[in-house]
Amino acid sequence: MKAKTISYVALFTALTAIGAFIKIPIPYIPFTLQILAVYLAGALLGPRLGLLSQLCYVLIGLIGVPVFAEGGGFGYIFKPTFGYLLGYILGAYVNGWLINRLNLSTIRSIFFANLASLLTVYLFGCIWLYGAMKWVVETPFSIYQTILYGFLLPAPGDLLLCVLCAIIIQQVRPRIARFTKIKELKHPWAKPTL
């Protein structure tokens with residue numbers, strides 16, 4: 001990996017960590033700005049490097065650096081919210097893959113890519129939340145409680161961030177692609193190569 005590529009990955013790893021500390025406490029799942037970094041990493045770095053930036057974030061937190069919303073350390077895997085962190089990894093990939101593969105360039109199409117990424121995060125998060133509450137915390141949630149606390153309560157803020165990020169990506173992506181030489185970055189208007 002080139003130094004420039006490593007610095008881009010590190011930048012989005014750091015942005016995710018910063019987003020963890022900007023939070024609004026709601027029951028069980030705090031609302032944070034981490035999802036912004038997930039959308040941006042996938043859209044601006046591409047699927048593989050976007051995934052790598054989020055994987056680095058999770059690994060740094062698991063080795064003990066307090067970058068998660070509630071600290072860090074290997075024991076964090078037993079927290080009910082750990083599934084969302086796993087979802088960030090795949091969510092960044094999904095976002096980058098959709099935007100790059102389909103050459104999405106309108107705010108609406110990018111919004112739907114962000115939404116697919118968000119649903120990926122929530123799928124992992126809700127499954128982990130259900131399992132952790134049942135087997136780790138030993139305060140089992142019903143499916144309804146899992147959906148309520150794991151999806152319905154935090155989703156409105158994240159949907160607003162979906163829209164905001166779609167606007168940012170649509171404006172920034174063509175400009176940043178001119179300066180970055182990362183192979184996965186493609187101009188939305190680029191002609192296919194033969």
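What you are looking at is a predicted structure, and each value in this text was computed from that prediction instead of being measured. Just so it is clear, the values below take in all heavy atoms, side chains as well, and ignore hydrogens, waters and symmetry mates.
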| query | Should Y39 and L123 be counted in the same cluster of Ile, Leu, Val, Met, Phe, Trp and Tyr side chains packed under 4.5 Å apart? | reply | no
| field | Pairwise ring pair (Phe, Tyr, Trp, His ring centres under 6.0 Å) hits with a residue in residues 145-167, at least two apart | value | Y28-Y149, Y122-F151, F141-Y149
For residues 13-20, run the donor-acceptor check on the side chains, cut-off 3.5 Å, and write out each pair with its distance to 0.1 Å, sequence neighbours left out.
residue: T13; atom: OG1; partner: V9; partner atom: O; Å: 2.9
residue: T13; atom: OG1; partner: S53; partner atom: O; Å: 2.9
residue: T16; atom: OG1; partner: F12; partner atom: O; Å: 2.8
residue: T16; atom: OG1; partner: Q54; partner atom: OE1; Å: 3.2
residue: T16; atom: OG1; partner: Q54; partner atom: NE2; Å: 3.0

Contacts under 3.5 angstrom, residues 80-91 side chains, donor-acceptor by atom type, not counting sequence neighbours:
residue: Y84; atom: OH; partner: G150; partner atom: O; Å: 2.6
residue: Y88; atom: OH; partner: Q34; partner atom: OE1; Å: 3.2

| request: Output the distance between atom CG (L102) and atom CH2 (W97), rounded to the nearest 0.5 Å. | output: 6.0 Å
Enumerate donor-acceptor pairs with a distance under 3.5 Å from any side-chain N or O in residues 127-140 to protein atoms, sequence neighbours excluded.
residue: W128; atom: NE1; partner: I77; partner atom: O; Å: 3.2
residue: W128; atom: NE1; partner: K79; partner atom: O; Å: 3.2

| query | Taking only residues two or more places apart in sequence or in another chain, which ones pass side chain to side chain donor-acceptor pair (under 3.5 Å) with S109? | reply | T106
| query | Can you name the one residue among L104, I176, N114, I107 that meets side chain to side chain contact (heavy atoms under 4.5 Å, CB included) with I169? | reply | N114
| request: Mind listing the closest non-hydrogen atom pair of S117 and A92 along with its distance? | output: OG-N, 4.2 Å
| task | Using the test side-chain contact (heavy atoms from CB on, under 4.5 Å), find all partners of L59 that sit at least two apart in sequence or belong to another chain. | result | L55
| request: Report the distance from atom CG of L152 to atom OG1 of T146, rounding to the nearest 0.5 Å. | output: 11.0 Å
| query | Which is it for C126 and I147 under the side chain to side chain contact (heavy atoms under 4.5 Å, CB included) test, yes or no, and what are the steps along the way? | reply | CA-CA 7 Å; C126 285; I147 292 171; 5.6 Å; no
| message | With a 4.5 Å cut-off on side-chain heavy atoms, are F31 and L153 touching? | response | no
| Straight-line distance of C162 SG to L119 CG, nearest 0.5 Å | 8.0 Å
| request: May I ask you to test the V38-N95 pair for a side-chain heavy-atom distance under 4.5 Å? | output: no
| task | Measure the spacing between OH of Y93 and OG1 of T120 and express it to the nearest 0.5 Å. | result | 12.0 Å
| request: Begin with the C-alpha distance, continue with both residues' side-chain angles, and end with the deciding distance and a verdict on side chain to side chain contact (heavy atoms under 4.5 Å, CB included) for R173 and I99. | output: CA-CA 10 Å; R173 191 167 181 270; I99 289 174; 3.6 Å; yes
| query | Quick one: CZ on F112 to CZ on R108, what's the gap to the nearest 0.5 Å? | reply | 5.0 Å
| query | What heavy-atom pair brings Q171 and P174 nearest, and what distance separates the two atoms? | reply | O-CD, 3.8 Å
| side chain to side chain contact (heavy atoms under 4.5 Å, CB included) assessment of L115 paired with L159 | CA-CA 8 Å; L115 185 61; L159 285 172; 3.6 Å; yes
| field | Distance, nearest 0.5 Å, that separates CG of L161 from CG of L118 | value | 9.0 Å
| note | Applied to residues 34-45, the salt bridge (Lys or Arg N to Asp or Glu O under 4.0 Å) test, sequence neighbours excluded, yields none
| When clusters are formed by joining ILVMFWY residues with side-chain heavy atoms under 4.5 Å apart, either directly or through shared neighbours, do L160 and L164 land in the same one? | no
| message | Going by ring-ring contact (aromatic ring centres under 6.0 Å, His included), name the residues that satisfy it together with Y57, two or more places apart in sequence or in a different chain. | response | F68
| message | With side-chain hydrogen bond (donor to acceptor under 3.5 Å, both in side chains) as the rule and sequence neighbours excluded, what pairs involving residues 160-170 come up? | response | none
| Under the side-chain contact (heavy atoms from CB on, under 4.5 Å) test, residues paired with A116 that sit two or more places apart | V94, L98
